Amino acid sequence: MPPKTRSRVSKRTADSGKVNEDEMVGGKKKAAASVEPLKTKESSEPPQYSHWLMKSEPESRFEKEIDLKFGIEELKALPDQTGCWDGVRNYQARNFMRQMKDGQLAFFYHSNCKEPGIAGLMKIVKEAYLDHTQFDKKDIHFDANSKADNPKWSMVDVQYQRMVKRYIPLSELKKYHLQHRAKGGPLKDVGLFTRARLSVQPLTTEEFEFILTLEDKEPL
């Protein structure tokens with residue numbers, strides 16, 4: 001169990017099965033992965049990333065009488081402004097969390113809300129460890145197929161760093177993505193539009209730094 005001073009983060013958006021604008025590519029839904037991706041010769045060594053984007057829901061939504069709301073303000077209000085990022089039930093998203101290193105930065109992305117977008121920055125403060133919610137029968141992310149001697153799911157601890165100077169909406173990021181895809185640029189392959197269903201996504205350094213510059217610019 002995580003330390004009591006590090007309260008649990010509520011459940012992740014892309015693992016819930018609910019789809020909205022930020023989970024669409026080319027007008028079609030992308031199915032969440034339900035099995036381990038097959039390893040190929042080309043993917044024997046996964047790329048190493050040092051920046052991330054992680055989604056959570058800032059507005060109330062109930063499953064089994066549990067409110068899944070957890071926005072950046074909720075993280076900020078926790079003791080030490082720190083919580084564990086539990087409830088991820090997608091193999092690729094889990095594998096990305098297992099790559100995370102202490103001290104790396106991630107964007108806190110508000111999803112399944114009126115205006116999805118990037119709300120702030122947080123830091124990875126504990127690397128991947130066992131997600132206890134997989135064994136909790138009262139938790140909506142209980143997994144009967146996960147065994148104590150071979151657990152399937154992991155989580156990390158994150159700590160609030162700051163709000164972005166202005167909220168960066170998905171609609172604006174999509175405009176840059178389309179521009180860069182047509183003419184070249186750092187967001188041409190950004191995961192928000194190429195891995196749209198994933199609640200945990202890697203960012204290249206170039207993608208991360210470009211997005212961070214947008215907080216000082218007028219909206220596109």
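Just so you know, these numbers come straight off a predicted model, no measurement behind them.
If you check the side chains of T133 and R89, you find a donor sitting under 3.5 Å from an acceptor.
With values rounded to the nearest 0.5 angstrom, E73 atom CD is found 9.5 Å from K69 atom NZ. For the atom pair L105 CG and L53 CG, the distance stands at 12.5 Å (nearest 0.5 Å). Q201 contributes atom CD, which lies 8.0 Å from atom OH of Y109 (distance to the nearest 0.5 angstrom). Once rounded to the nearest 0.5 Å, the distance linking CG of N95 with CD of Q92 reads 7.5 Å. Taken from CG in L68 to OG in S60, the straight-line distance is 9.0 Å, to the nearest 0.5 Å. For the atom pair CE (M97) and OG (S154), the distance works out to 6.5 Å, reported to the nearest 0.5 Å.
Linking ILVMFWY side-chain heavy atoms closer than 4.5 Å, directly or via other members, places L220 and L187 in a single hydrophobic cluster. Hydrophobic clustering (ILVMFWY, side-chain heavy atoms < 4.5 Å, transitive): I168 and L212 are in one cluster. Each of L214 and Y167 belongs to its own hydrophobic cluster when Ile, Leu, Val, Met, Phe, Trp and Tyr are linked at side-chain heavy-atom distances under 4.5 angstrom. Neither V158 nor L130 shares a network with the other; the hydrophobic side chains, linked directly or stepwise wherever heavy atoms of I, L, V, M, F, W or Y lie under 4.5 Å apart, form separate groups for each. Note: the hydrophobic cluster containing M163 also contains F70 (ILVMFWY, side chain heavy atoms under 4.5 Å, direct or indirect links).
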Take R162 and E215 through the salt bridge (charged side-chain N to carboxylate O under 4.0 Å, His left out) test and state the conclusion after the steps. CA-CA 12 Å; R162 67 176 179 87; E215 66 177 353; 2.9 Å; yes
What do the steps show when you test R166 against E172 for salt bridge (charged side-chain N to carboxylate O under 4.0 Å, His left out), and what is the final call? CA-CA 12 Å; R166 68 173 181 88; E172 181 178 350; 2.7 Å; yes
Test log, rule salt bridge (charged side-chain N to carboxylate O under 4.0 Å, His left out), inputs R61 and E63: CA-CA 7 Å; R61 181 173 67 82; E63 284 191 20; 2.7 Å; yes
In sequence, state the C-alpha distance, the side-chain angles, and the governing distance for W52 and F208, and then conclude on side-chain contact (heavy atoms from CB on, under 4.5 Å). CA-CA 8 Å; W52 309 92; F208 180 85; over 6 Å; no
Hey, mind stepping through Q179 and K188 against side-chain contact (heavy atoms from CB on, under 4.5 Å) and telling me if it holds? CA-CA 8 Å; Q179 284 184 2; K188 60 184 175 61; over 6 Å; no
Derivation and outcome, side-chain contact (heavy atoms from CB on, under 4.5 Å), residues I124 and D157: CA-CA 6 Å; I124 310 304; D157 284 358; over 6 Å; no
So F96 and L198, side-chain contact (heavy atoms from CB on, under 4.5 Å) or not? Walk me through it. CA-CA 10 Å; F96 284 139; L198 289 181; 3.8 Å; yes
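A side-chain donor-acceptor contact under 3.5 Å links T82 to the backbone of D80. Q81 contributes no side-chain N or O that, together with a main-chain N or O of L78, makes up a donor-acceptor pair within less than 3.5 Å. Looking only at distances, no side-chain donor or acceptor of E209 sits under 3.5 Å from a matching main-chain atom of E206. At distances below 3.5 Å, not a single donor-acceptor pair connects side-chain atoms of N90 with backbone N or O atoms of S199.
When all heavy atoms of A128 and R98 are compared, the closest pair comes out as CB-CA, 3.7 Å. When every heavy atom of V164 is checked against every heavy atom of I118, the shortest pair comes out as CG2-O, 3.6 Å. Counting all heavy atoms, side chain and backbone alike, T205 lies closest to S50 at OG1-OG, 3.8 Å. Taking each heavy atom of Y49 and L203 in turn, the nearest pair found is CD2-O, 3.8 Å. The two atoms that bring G120 and I72 nearest to each other are CA-CD1, 3.5 Å, heavy atoms only. Smallest separation of non-hydrogen atoms from Q159 and L75: C-CD2, 4.4 Å.
When side chains are defined from C-beta on, S56 does not count as touching H110, because their heavy atoms never get closer than 4.5 Å. For the pair C113/E57, no side-chain contact is recorded, criterion being any heavy-atom separation below 4.5 Å from C-beta on. You'll find the side chain of W85 stays beyond 4.5 Å of the side chain of D131, heavy atoms only. Side chains of Q134 and H141 form no contact here, defined as non-hydrogen atoms less than 4.5 Å apart. Between V190 and L173 there is no side-chain heavy-atom pair separated by less than 4.5 Å.
For Y160 and F108, the ring centers sit 6.0 Å or farther from each other. Taking the six-membered ring where the residue is Trp, the centroids of F107 and H51 are separated by 6.0 Å or more.
Between F193 and H177, the ring-plane angle classifies as parallel under the 30° and 60° cut-offs.
A ring-ring contact (aromatic ring centres under 6.0 Å, His included) with W153 is found for one member of Y91, F142, F135, Y129 and no other, namely Y91.
With salt bridges taken as basic N to acidic carboxylate O contacts below 4.0 Å, one links D143 and K152.
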